[in-house]
K.L.:
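Following this message is one structure expressed as structure tokens.
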Amino acid sequence: MRTESAPKKLISPADGILILGLVFVCFLFFVFRALNQPDELRVVVEKHGEIVYEQKLSGDTDPFEYTVEDTAVVISVHGCTVSVISSDCPDQICVLTGTLQKAGDTAVCLPNQVVVRVLGSHPATVDGITG
Amino acid sequence: MKQSIVPPISSKTLKILAAVLFCLVFALAAILFSSWVQGPKGKQTTLSTYSMGSLVQQTVYGNQAEAAASAASFAVTSLENQISWRVENSDIQKLNAASGKQNVPLRDTTAKLLVQMLDVCEQSGGAFDITIAPLSLLWNFDEAPSLPNADDIGYFKQFVGYENVFYDAAHQQVRLDLENCAIDLGAVGKGAACDAAAAVYREHNVKAAVIAVGGSIGLYGTKPDNSDWNIEIRDPNKNGALGVLHLAGGFISTSGSYEKFFEENGVLYHHLLDPSTGYPADSGLVSVTVVTDSGALSDALSTACFVLGYEESLPLLQHYAADAVFVTVNNEVYVTSGLADRFDITAEGYTIQ
Amino acid sequence: MKSNYRNITPQAAKKVAFCGLLAALAIVLSVFENMLPEIPLLPPGCRLGLSNIVTMFTASAVGLPSAVFVAVLKGGFAFLTRGITAGMMSLFGGVCSTLVMWLCLRSKHFAMLGVGICGALTHNMAQLTVACLITSPAVIGYAPALILFAIPAGAVTGTVLRFALPALERIAHQ
């Protein structure tokens with residue numbers, strides 16, 4: 001047991017090191033978090049609500065086309081942009097949506113229940129779109 | 001008490017204890033750190049389903065997120081089966097079939113919705129009218145829109161009128177007093193679906209959730225980072241956003257002439273009909289977005305406000321303590337006071353009033 | 001008749017009574033700090049840790065087993081009044097921080113501020129671990145904030161005790 005005759009001081013060098021160390025650890029946390037945000041775009045295709053296709057988008061890849069399985073919906077991936085180029089739906093809204101390039105851009109084909117989205121690593125800034 | 005029976009601990013034991021503790025703390029830190037790297041977003045689930053002819057998208061935050069999202073999706077489909085005139089044996093289909101004849105009993109949800117909608121019909125002076133079905137079927141915007149001839153419009157217009165709906169509150173029954181009168185809740189179904197989802201979220205003690213049924217949006221709770229919900233309003237004239245609403249909560253609906261329209265002989269005909277004329281409303285607006293505390297109400301009000309135009313909508317919105325963003329044909333944007341510092345316009349070419 | 005019970009010394013009885021008192025004090029402090037409004041930016045349920053003052057005192061003036069006992073009682077009270085989650089958090093936080101504080105008190109290197117900070121830090125980290133296991137790994141996002149907060153909170157408890165300790169010990173040993 002600690003003897004009563006030598007009461008503890010209020011602060012000591014070790015305390016100082018402890019505080020500095022903790023602050024430094026926190027600093028590392030924040031630095032790590034800030035650095036760990038690569039700005040990568042990817043295209044995600046959902047059918048009936050489930051993801052059936054996912055692909056990173058980068059400027060280097062050659063343009064290619066992908067047909068959503070069991071449907072006649074064809075998307076074209078060109079660099080960092082995606083567009084629906086053909087579909088068998090009557091209204092062709094998905095095709096008319098045009099080019100998807102920013103995170104959050106979406107094309108929907110209701111009759112085929114297909115959704116094509118462009119997503120980024122950053123969390124979406126918009127929670128919903130009305131209109 | 002200071003005369004402890006326990007012998008003093010030797011410094012060697014102390015060092016060992018310290019080393020063990022250090023290792024424990026280090027292990028703890030390692031576990032915490034590795035879990036932390038996964039990201040501080042909190043338990044979150046997204047679910048996309050299809051109902052009411054639209055994409056239903058949910059993002060739910062909370063421990064029971066997945067269960068709540070599935071339950072909400074089910075609730076939306078159940079609601080559709082109850083209120084859609086297209087669905088066999090739905091309350092509304094039975095009601096329309098019995099027009100001019102007898103009372104039809106309604107289930108609780110349908111009855112509540114009907115009463116709420118009849119109130120909007122009355123407060124809007126008929127600008128919003130749930131009995132507009134005969135005219136909407138004539139114009140047929142959902143499948144093959146075409147310009148009906150004036151005689152047909154005149155003929156079917158006589159069956160439109162919410163005053164023909166007789167509601168017996170005591171027995172929860174409704175009667176359409178005029179034969180061929182019909183109710184179409186399609187204009188408010190999406191908002192009502194958002195209300196149904198909110199009820200499910202409440203039951204599941206969800207922390208926060210956002211549901212979008214087509215363009216009708218329902219917000220529930222507070223996001224994990226305590227920030228406002230950001231809701232983008234589509235630009236009525238071009239691709240992209242008009243601006244962003246920063247809301248603490250509420251239900252949002254938009255009615256826009258650009259959503260469904262066709263052109264004939266150089267004239268644009270859109271799907272938001274004025275019940276008093278039988279023709280698309282000509283109120284000087286291209287879109288109106290309403291924010292209020294009920295989904296069905298926001299749907300109804302957005303339709304009513306579009307028909308009424310900016311000036312005449314203001315008393316209606318005030319009555320329901322709702323707010324709105326209006327876009328006119330002259331690219332002017334009006335924002336009611338409740339949303340004044342909550343709407344950021346981002347598109348070019350518009351003047352805020 | 002020979003008694004089958006060991007005689008309970010007045011000292012032992014005093015000790016038990018004193019520990020009960022300390023436990024009650026720890027509980028009162030934790031109830032009080034729970035009534036204070038929540039601190040923004042920190043996870044809900046994060047408190048000042050005033051009860052650390054009591055466990056720190058018990059660890060230094062009475063002994064480690066008694067201090068752990070007080071921490072366990074505090075956790076038990078939290079369990080009875082606020083439910084199993086709060087109980088687990090309080091128990092683990094309290095016991096771990098008591099152990100660490102006792103070690104720090106014995107160490108030559110750490111003074112009262114260091115003891116308080118180590119106690120607050122351990123309390124927070126232990127609670128975070130429990131929260132992580134009970135809910136989801138995502139709560140780890142709070143770690144930097146909790147670490148930073150432990151510094152002033154621990155400094156406060158350390159300072160309070162540094163100045164109160166001599167007086168309290170005099171009272172305790174009368």
Side-chain angles (χ1 to χ4, degrees), chain A residues 1-5 14 18 21-22 25-26 28-30 32-38 44-52 83 89-91 93-94 96-117 119 121-131, chain B residues 2-4 6 8-9 29 33 36-37 39-41 44 46-50 53-57 59 73 143 208 210-212 214-219 223 225 227-236 239-242 244-245 247 252-256 258-259 287 289-291 298 302 327:
Chain A
M1 277 294 161
R2 181 177 59 76
T3 55
E4 211 182 322
S5 58
L18 173 71
L22 288 178
V25 164
C26 285
L28 285 180
F29 267 95
F30 288 119
F32 188 86
R33 195 186 290 189
L35 289 177
N36 210 22
Q37 304 259 26
V44 175
V45 179
E46 286 170 28
K47 196 171 80 131
H48 300 311
E50 285 179 22
I51 298 180
V52 294
S83 51
C89 53
D91 293 334
I93 294 176
C94 45
L96 290 171
T97 310
T99 320
L100 312 171
Q101 50 192 71
K102 296 191 317 287
D105 285 352
T106 308
V108 180
C109 185
L110 276 176
N112 283 305
Q113 297 199 352
V114 166
V115 179
V116 182
R117 287 182 223 273
L119 296 177
S121 314
H122 289 281
T125 50
V126 159
D127 298 299
I129 305 178
T130 184
Chain B
K2 267 319 233 175
Q3 320 310 319
S4 172
V6 178
I9 296 183
F33 186 75
W36 168 81
V37 172
K41 261 183 252 143
Q44 176 188 343
T46 50
L47 182 66
S48 303
T49 50
Y50 294 83
S54 313
L55 177 63
V56 179
Q57 295 184 87
T59 304
S73 159
E143 277 150 45
V210 51
I211 177 167
S216 297
I217 299 183
L219 302 171
K223 285 203 283 191
D225 56 3
S227 63
D228 280 337
W229 297 95
N230 299 317
I231 302 297
E232 180 186 300
I233 298 183
R234 229 186 277 271
D235 188 329
N239 265 338
L242 173 75
V244 182
L245 283 167
L247 304 169
I252 308 103
S253 302
T254 305
S255 288
Y258 57 90
E259 291 171 307
S287 90
T289 304
V290 173
V291 180
S298 67
S302 73
V327 182

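Order of the sequence lines sets the chain letters (A, B, ...), proteins ahead of strands, with each chain counted from 1.
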K.L.:
State the CG-NE2 distance between A/Asn112 and A/His48, to the nearest 0.5 angstrom.
P.N.:
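If I round to the nearest 0.5 Å, the distance is 8.5 Å.
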K.L.:
Top residue by heavy-atom pair count (under 4.5 Å) with chain A, among B/Glu259, B/Gln57, B/Glu232, B/Arg234?
P.N.:
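Most pairs with chain A among the choices: B/Glu232.
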K.L.:
Pick one of side chain, backbone, both or neither for B/Leu55, based on which atoms fall under 4.5 Å of a heavy atom in chain A.
P.N.:
both
K.L.:
Tell me, for A/Val115 versus chain B, whether the close heavy atoms (under 4.5 Å) come from the side chain, the backbone, both or neither.
P.N.:
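Interface part for A/Val115: both.
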K.L.:
Please check: side-chain N/O of A/Lys47 versus main-chain N/O of A/Gln113, any donor-acceptor pairing under 3.5 Å?
P.N.:
no
K.L.:
What part of B/Ser54 gets within 4.5 angstrom of chain A, counting heavy atoms only: side chain, backbone, both, or neither?
P.N.:
backbone
K.L.:
Are any non-hydrogen side-chain atoms of B/Ile252 and B/Leu219 less than 4.5 angstrom apart?
P.N.:
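B/Ile252 vs B/Leu219: side chains touch.
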K.L.:
Under 4.5 Å from any heavy atom of chain A, what part of B/Ser253 do you find: side chain, backbone, both or neither?
P.N.:
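When you check distances to chain A, only backbone atoms of B/Ser253 fall under 4.5 Å.
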K.L.:
Distance-only, no hydrogens or angles: does the A/Asp127 side chain make a donor-acceptor pair with backbone N or O of B/Asn230 under 3.5 Å?
P.N.:
yes
K.L.:
Whether the side chain of B/Thr289 engages the backbone of B/Thr254 through a donor-acceptor N/O pair (distance < 3.5 Å, no angle test) should be reported.
P.N.:
no
